[in-house]
Amino acid sequence: MKHRRCTPVVLLGTGMSVPDRILTNKDLEKIVDTSDEWILERTGISERRIAPAGEVTSDLAARAGMAALDAASVSPEELDMIIVGTNSPDKLFPGVGPMVQSMIGASRAGACDVQAGCTGCVYAMMLASSGIRAGFWKKVLVIGAEALSRIVDWKDRNTCVLFGDGAGAALLGAGEGEDGVLAAEVHADGSLSDYIELPGGLAAHPATNETVEQGLHFVKMKGNEVFKYVNRVIPPFVRDLCDHAGLEVGDIDAWIFHQANHRIIEGVMRRLDVPLQKAVINLQKYGNTSAASVFLALHEGLAEGRITRGDRVMLVSFGAGMTYGAMIIRI
Ligand code: UT7
């Protein structure tokens, strides 16, 4: 068969949406046995956003998606596909993708969700760019969206201080000239599935009074195990990805990590011997927004001029599965 050149992928625009309500560390001191000092020192988080009653993941996702379309002057009818990374969908089904499709009036677009823990952002970006490269789609709206405040246990200080609500989006399109996606890779290790999980309410533990009493419908996380795992696997992984792209780690202009913990970002950058200033960090304002966090940091990095046209940007995430993945994209 005649070899056909892959269609180049370009980033056309980004957007984000977070709820107005701010929950500070001081506010959390009144809810669980914690302190502003502990949260700041162990995570770097100062505050997070909480969606008001009645606002769901698809509301945040649709607003972020529209912002990305507006930034690129692209209308919803031009979209071929919508892919949403989320771990806190409105309902198990239908997914957030079809809700967004209808809310924004993307009349021609297919739509689905990707559930891959916090790494859903990178999986979704990789699926979108693969579909564009193959010629299936010309314009794909990729969204990371979470209403995690609905699925955390507000009595569990190990988790409730970490997470926040929000959505971010990236519009990818078929371009001309050079491909913007320089390298991408994803991994999974399901043998570590108990590191981060929401065990109850589905096939493994159908909802009963007992599952509710045991709080199985809330996020459970072995935070310290995750912390050690991530610090071990991520530095060699991103170094290898640079290698595959024919780049040195020093050639990356901006690093966008999953915004889980300042200490993780610092530790990885130190191991790579890259100045921390090259990392875009906004977790102090939004906490860990899971599949949305990389999109929030990418959007703010661009909006604040920290990332400019031509920059090589590394997007890195890790989360439930365990999964991890990264993409190097030229803006
Ligand atoms: O988004 C998906 C990926 N997730 C992550 O990347 C999370 C990775 N993990 C982390 O960021 C960190 O492990 C945490 C921030 C979750 C925890 O920090 P840590 O330094 O690993 O603390 P730890 O879990 O080892 O707990 C240390 C102590 C414990 O007390 P004892 O047993 O030493 O007396 C905890 O009970 O801190 C205690 N602790 C708290 N104290 C005050 C745990 N949570 C809190 C809290 N406030 N909110």
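Residue numbers start at 1 and run along the sequence shown. Read the numbers this way: they start at 1 and go in the same order the structure lists the ligands and their atoms. Hydrogens, waters and symmetry mates are skipped; everything else that's a heavy atom, side chains included, is used.
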> Which option, F227, Y324, W38, owns the non-hydrogen atom nearest atom 17 (C) of ligand 1?
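Answer by nearest heavy atom: W38.
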
> Using a distance threshold of 4.0 Å (strictly less than), state whether atom 33 (O) of ligand 1 has a protein heavy-atom neighbour.
no

> Taking the six-membered ring for Trp, are Y324 and Y229 parallel (under 30°), tilted (30 to 60°) or perpendicular (over 60°)?
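Rings of Y324 and Y229: perpendicular, over 60°.
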
> With only distance considered, is G223 within less than 3.5 Å of ligand 1 through an N or O on each side?
yes

> Note the single closest protein heavy atom to atom 30 (O) of ligand 1, along with its residue, its atom name and the distance in Å.
R157 NH2, 4.3 Å

> Return yes or no for this condition: an N or O of S35 is under 3.5 Å from an N or O of ligand 1.
no

> At a 4.0 Å threshold, what atoms of ligand 1 neighbour a non-hydrogen atom of N288?
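In order of number, 1 (O), 2 (C).
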
> Checking a contact table here: which protein heavy atom is nearest atom 12 (C) of ligand 1, and how many Å away?
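Checking every protein heavy atom, the shortest distance to atom 12 (C) of ligand 1 gives N261 ND2, 3.9 Å.
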
> Looking only at protein heavy atoms, which one is nearest to atom 5 (C) of ligand 1, and what is the separation?
V226 CG1, 3.6 Å

> What are the atoms of ligand 1, with element, lying closer than 4.0 Å to any heavy atom of R263?
18 (O), 19 (P), 20 (O)

> Name the option, out of H258, R42, M322, E41, that contains the heavy atom nearest to atom 20 (O) of ligand 1.
R42

> At a non-hydrogen distance cut-off of under 4.0 Å, which region of I196 contacts ligand 1 (side chain, backbone, both, or neither)?
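Answer for I196: side chain.
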
> Any ion pair linking E178 and R330 (charged N to carboxylate O, less than 4.0 Å)?
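Result for this pair is yes, salt bridge flagged.
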
> Starting from atom 47 (N) of ligand 1, what is the nearest protein heavy atom, named by residue and atom, and what distance separates them?
T34 OG1, 2.7 Å

> Is there a path of hydrophobic side-chain contacts, each under 4.5 Å between heavy atoms of I/L/V/M/F/W/Y residues, joining M314 to V233?
yes

> For atom 21 (O) of ligand 1, what is the nearest protein heavy atom, given as residue, atom name and distance?
N224 ND2, 2.7 Å

> For ligand 1, is there an N or O atom under 3.5 Å from any N or O atom of T43?
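No - when backbone and side-chain N and O of T43 are compared with those of ligand 1, no distance drops under 3.5 Å.
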
